[in-house]
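Side chains are part of it too, since the values below use all heavy atoms of this structure and drop only hydrogens, waters and symmetry mates.
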Amino acid sequence: CRGSRTAEPAKTILGRLTMNYITPCLYAFGASLAFAIVFNIPRNKLLLSALGGMLGQLVYAIFQLVLANDVILYLLATIAISLYAEVMARLTKAPTTIYLAVALIPLVPGGGIYYTMLYLINGEIDLGIATGIHTLLISGALAVGIIMVSSTVNLVRKVMLKSRRKIRKKLNDGKKA
């Protein structure tokens with residue numbers, strides 16, 4: 001029919017999906033894997049630690065559909081990575097930092113730091129300050145995301161230990177009576 005909108009071809013949709021979601025996730029996985037090797041992460045944990053970087057990029061990309069503020073996107077991605085790191089650390093009986101440090105690499109605002117210095121050196125002070133503040137906000141979002149998850153996990157662990165002690169004490173008191 002003339003004048004009616006036709007459906008977008010499946011090839012175009014698949015291409016857009018690949019470019020916007022799959023490819024960046026694979027790049028994040030590759031970057032995380034490379035840093036895991038550089039950081040001498042044990043071989044049996046290399047792929048698991050690199051998956052965290054991929055997860056962070058996926059969360060960033062998905063929430064990008066509904067949020068326009070990239071600082072919030074970085075915060076959400078960091079929260080997802082931190083939760084992943086805490087869970088994997090418990091499952092594999094390894095330190096959280098093995099998963100956390102590697103997975104955060106794709107989110108580090110290295111480009112922002114570079115452009116801040118470039119603008120300042122070239123005399124574009126206003127642009128340098130704006131880029132520097134934005135970079136600091138992203139860095140702050142990374143730190144806040146890690147602290148939120150880590151503090152919550154530690155608080156939950158303490159509450160669970162305290163309740164276990166109370167239960168054991170009641171059981172022991174019941175046996176003595």
Say whether [X] and [Y] are linked into one hydrophobic cluster, either directly or through other cluster members, by side-chain heavy-atom distances under 4.5 angstrom.
X: I22; Y: I62; answer: no
X: M148; Y: V159; answer: no
X: V153; Y: L104; answer: no
X: I37; Y: M88; answer: yes
X: I167; Y: L161; answer: no

If you measure from [atom1] on [X] to [atom2] on [Y], what distance do you get to the nearest 0.5 Å?
X: L75; Y: I138; atom1: CG; atom2: CD1; answer: 12.0 Å
X: I81; Y: L142; atom1: CD1; atom2: CG; answer: 8.0 Å
X: S150; Y: L83; atom1: OG; atom2: CG; answer: 11.0 Å

Identify all side-chain donor-acceptor contacts of residues 108-126 below 3.5 Å with residues at least two apart in sequence or on another chain.
unit_1, atom_1, unit_2, atom_2, d
T116, OG1, G112, O, 2.7
T116, OG1, G132, N, 3.2
N122, ND2, L118, O, 3.4

Which residues share a side-chain hydrogen bond (donor to acceptor under 3.5 Å, both in side chains) with T152, sequence neighbours left out: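 With sequence neighbours excluded, T152 shows a side-chain hydrogen bond (donor to acceptor under 3.5 Å, both in side chains) to no residue whatsoever.
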Side-chain (S163) to main-chain (M160) donor-acceptor, under 3.5 angstrom: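 Indeed, once roles are kept as given, a pair shorter than 3.5 Å links the two residues.
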Smallest separation among heavy atoms of [X] and [Y], with atom names:
X: Q64; Y: L73; value: N-CD2, 3.6 Å
X: A101; Y: I105; value: O-CG1, 3.4 Å
X: A103; Y: S32; value: CA-OG, 4.2 Å

Flag if over 12 foreign heavy atoms under 6.0 Å of CZ, F35: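 Atom CZ in F35 is not crowded, with 12 or fewer foreign heavy atoms closer than 6.0 Å.
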Any pair counted as side chain to side chain donor-acceptor pair (under 3.5 Å), so long as it reaches residues 87-101, sequence neighbours left out: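 For residues 87-101, and leaving out neighbouring residues, the side chain to side chain donor-acceptor pair (under 3.5 Å) pairs sorted by first residue read E86-R90, T92-Y99.
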Qualifying side chain to side chain donor-acceptor pair (under 3.5 Å) pairs with a residue from residues 69-85, counting only residues at least two apart or across chains: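 Matches after skipping sequence neighbours: D70-H134.
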Can I get a per-line list of side-chain donor-acceptor pairs under 3.5 Å for residues 39-61, giving both atom names and the distance, sequence neighbours left out?
unit_1, atom_1, unit_2, atom_2, d
S49, OG, K45, O, 3.1
S49, OG, L46, O, 2.8

Salt bridge (charged side-chain N to carboxylate O under 4.0 Å, His left out) partners for R157, two or more places apart: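 R157 satisfies salt bridge (charged side-chain N to carboxylate O under 4.0 Å, His left out) with no residue once adjacent residues are dropped.
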